[in-house]
Amino acid sequence: MTPTTPLTRALLALAALLVPVGAALGSPLSKADFQDALVGAMTDRNLRNVTLQGEQLKMQEVPGIAPQGAFRVNLISVCEMLGTRNSVSSQAGQVMRYQNGALFANMGNNVQFLVQSQVVQPHQRERVEKALTERLETLNGEYRDLRAEIRRQDNGSYQLVAQHDFGGETGSVRSRLGATLGNARFMICDIHTAMELADHDRWKSLRSTKLGQMDRGTFITLYPLLKESGYELKGDLPGGTWGFKLADDLTTRVENHGQELKFWVYTKPPSPPDAARMASIVSKVRGLSLPLDAVRVDPHEPNPQGYIWVALVFSYANMTGDDFADVMKKLIDKRQILDFHKRVARAVAEAY
C-alpha cells in the first residue's frame, strides 16, 4: 500500500510540477544502481552528517512511490548557535540539532527529491526567504540538469523540491545526489541562522516597548529556552502552553492568552471542600500578596483528581519585553514560582 504521509503525498506530485512537457530525458537508471549512488552520496557527505551524539544518515526504502525505488533519508543538521564561538562564553560550542525526513524517488529517467524544513514564524520570514533565495541560486547553479524550488507551506515551514535528469551514469548521479543532500542540510541551517537574526532584531525592538498582546512566536522570541523541545504542551491556546518541572511536587504550567500571561500551580486539600469551605479557600487565595506586578490570582474548583489549580495572572498591557523577560527569569529560572506555590498551599490548608 502506498504511504499517505504529507511528505510522500507531496513527492508523488513533483513530476507534474517539475518536468516540462516534452522534456528530453536520459537513459533509465536501475533501482540497484540508484541505491548504490545514494549510499555513495551519503558516504561522501558522512563527516557533515555525524552529530555530537555520533548519529549518521540512515535510509529506508519506501514502497509504492517510484518505479525504480524510493528511499527515505533521516537528514540530521547540526547548526551553530549565534554568538557561541567565543571560548569564554558559557554557551561556547552550543548547537541546535534538527532532524528532517527527506525522500529520494528514482522515476527511471530522473530523480525527485523532497525535504521539509522547521516551522518559521511570520516575523522571521523576510530574513529566511532572503537566505533561501541565495541557497536556491547555489543549488540550481551546481549542475545544469538539476532544478529546484523552495515553497512555503501553510504551517510556516518550507519544502525544498528538486529534480535531476540523468543519463544512467552512477558516478554523475552520485555527485548530484550529494549536492542535494549537502544543500538541503545547509538550507536547514540557513533557516536556523535567519530565524536567530530575526529574533534578535525582534527582541531589540520589544525591549522597551509595551507588548499589549503576544502571539506564540513573540513569546518564544522573548524566552528563547522554548526553542528547545520538551517544554511545549498540547492545548487549544493559539498563544501556546508550556510546562516546567521545578520540583518533585510541582510542574508549573505557563499559558499565553494573547493579552495575559498565566502561571498555574496546584495543591491537593486534605478533603474535598464543600461550598462554604471552597468560598473560604477562594477568599484566602485571592488575598495573597501579588509578586512582580501580577494583576490577580485565579483559583479554580477542584479537578476530578481533587487538585485545586491556581493561576498567577499578568497583563501585557503595561509590560515591556524587558518586563516579560524579568518575570520569566524570576519565576521560572530562579524558581520563585515555588514560593507562590507554598503560599497557595498554606492558604488552602488554613481553610480547614
Side-chain angles (χ1 to χ4, degrees), residues 119-126 154-156 195-196 198-246 250-267 281-301 303 307-341 343-344 347:
V119 172
V120 174
Q121 301 301 322
H123 72 274
Q124 300 165 334
R125 286 177 186 163
E126 183 177 356
D154 290 342
N155 70 347
M195 290 169 65
E196 289 282 288
D199 282 352
H200 181 66
D201 291 344
R202 180 75 166 157
W203 165 247
K204 287 195 300 183
S205 71
L206 292 174
R207 287 196 61 183
S208 58
T209 302
K210 300 294 184 183
L211 297 174
Q213 59 184 12
M214 183 120 61
D215 59 21
R216 176 182 172 278
T218 303
F219 195 101
I220 295 172
T221 296
L222 293 177
Y223 194 57
L225 174 68
L226 301 180
K227 294 178 183 178
E228 300 181 13
S229 62
Y231 293 105
E232 189 158 13
L233 306 176
K234 292 183 180 180
D236 298 328
L237 286 178
T241 303
W242 294 269
F244 300 89
K245 185 174 177 60
L246 301 179
L250 179 65
T251 296
T252 187
R253 191 170 75 230
V254 178
E255 295 178 344
N256 174 25
H257 286 257
Q259 295 180 328
E260 291 184 332
L261 170 65
K262 294 186 177 182
F263 292 82
W264 290 91
V265 298
Y266 51 86
T267 187
I281 289 173
V282 169
S283 176
K284 289 180 180 296
V285 169
R286 285 181 175 167
L288 294 174
S289 60
L290 301 177
L292 303 173
D293 296 322
V295 294
R296 70 180 186 276
V297 175
D298 283 345
H300 280 214
E301 294 281 342
N303 65 11
Y307 287 91
I308 293 174
W309 283 79
V310 177
L312 181 63
V313 185
F314 295 82
S315 172
Y316 295 139
N318 294 309
M319 182 183 283
T320 66
D322 276 343
D323 294 335
F324 173 82
D326 186 59
V327 167
M328 294 296 291
K329 180 179 180 180
K330 288 179 177 177
L331 291 180
I332 301 300
D333 297 359
K334 294 188 176 181
R335 288 170 160 71
Q336 290 185 15
I337 193 67
L338 293 176
D339 176 67
F340 176 71
H341 174 240
R343 291 196 290 126
V344 166

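Quantities reported herein were computed from a predicted structural model and do not represent experimental measurements.
Within a 6.0 Å radius of NZ in Lys334, no more than 12 heavy atoms belonging to other residues, nucleotides or ligands are found.
Shown here for His123 and Gly217, the closest heavy-atom pair between the two residues is CE1-O, 4.0 Å. Minimum interatomic distance between Pro291 and Arg343 (heavy atoms only, all atoms of both residues): CD-NH2, 3.9 Å. Considering every non-hydrogen atom in both Asn318 and Lys210, the closest pair reads O-NZ, 3.2 Å. Nearest heavy-atom pair, Val297 versus Pro299, reported as atom, atom and distance to 0.1 Å: O-CD, 3.4 Å. A pairwise comparison of heavy atoms in Arg335 and Lys245 identifies NH2-O, 4.1 Å as the closest pair.
In this structure, the side chain of Thr252 engages the main chain of Trp264 through a donor-acceptor pair within 3.5 Å. Of the possible polar contacts, none joining the Arg202 side chain to the Gln124 backbone as a donor-acceptor pair under 3.5 Å is found. Under a 3.5 Å cut-off, the side chain of Asn256 and the backbone N or O of Met214 do form a donor-acceptor pair.
At a threshold of 4.5 Å between non-hydrogen side-chain atoms, the residues Glu232 and Leu226 do not count as touching. In this structure, Leu225 and Phe244 have side chains that are in contact, with non-hydrogen atoms separated by less than 4.5 Å. Leu312 is listed as a side-chain neighbour of Leu331, based on a closest heavy-atom distance under 4.5 Å.
If you take CZ on Arg253 and NZ on Lys262, they are separated by 9.5 Å, rounding to the nearest 0.5 Å. One finds the CD atom of Glu301 at 8.0 Å from the CD1 atom of Ile308 (value rounded to the nearest 0.5 Å). Note that the CG atom of Leu211 and the CG atom of Asp323 stand 8.0 Å from one another [nearest 0.5 Å]. How far CE of Met319 is from CG of Leu261: 6.0 Å, rounded to the nearest 0.5 Å. In this structure, Phe314 CZ and Asp293 CG are separated by 8.0 Å, a value rounded to the nearest 0.5 Å. Between the CD1 atom in Ile332 and the NZ atom in Lys330 there is a gap of 14.0 Å [rounded to 0.5 Å].
Using cut-offs of 30° and 60° for the angle between ring planes, the Phe219 and Trp242 rings count as parallel.
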Walk me through it: do Thr267 and Val265 pass the test side-chain contact (heavy atoms from CB on, under 4.5 Å)? CA-CA 7 Å; Thr267 187; Val265 298; over 6 Å; no

Going through the checks in order, is the side-chain contact (heavy atoms from CB on, under 4.5 Å) test met by Trp203 and Asp322? CA-CA 9 Å; Trp203 165 247; Asp322 276 343; 3.7 Å; yes

Please test Met328 against Phe263 for side-chain contact (heavy atoms from CB on, under 4.5 Å), starting from the C-alpha separation and ending with a verdict. CA-CA 10 Å; Met328 294 296 291; Phe263 292 82; 3.5 Å; yes

Dump the intermediate steps for side-chain contact (heavy atoms from CB on, under 4.5 Å) on Leu250 and Tyr266, then the final yes or no. CA-CA 8 Å; Leu250 179 65; Tyr266 51 86; 3.7 Å; yes

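Between the side chains of His257 and Glu255, a donor-acceptor pair is found at a separation under 3.5 Å.
Applying the side chain to side chain donor-acceptor pair (under 3.5 Å) rule to Lys329 yields no partners; only residues at least two apart in sequence or on another chain are considered. Contacts of Ser208 classified as side chain to side chain donor-acceptor pair (under 3.5 Å), with partners at least two apart in sequence or in another chain: none. For Glu260, the side chain to side chain donor-acceptor pair (under 3.5 Å) partners at least two apart in sequence or on another chain are Arg296.
Centroid-to-centroid, the aromatic rings of Phe324 and Tyr223 stay 6.0 Å apart or farther.
For the pairing with Leu206, the side-chain contact (heavy atoms from CB on, under 4.5 Å) check across Thr218, Thr221, Thr320 returns one residue only, Thr218.
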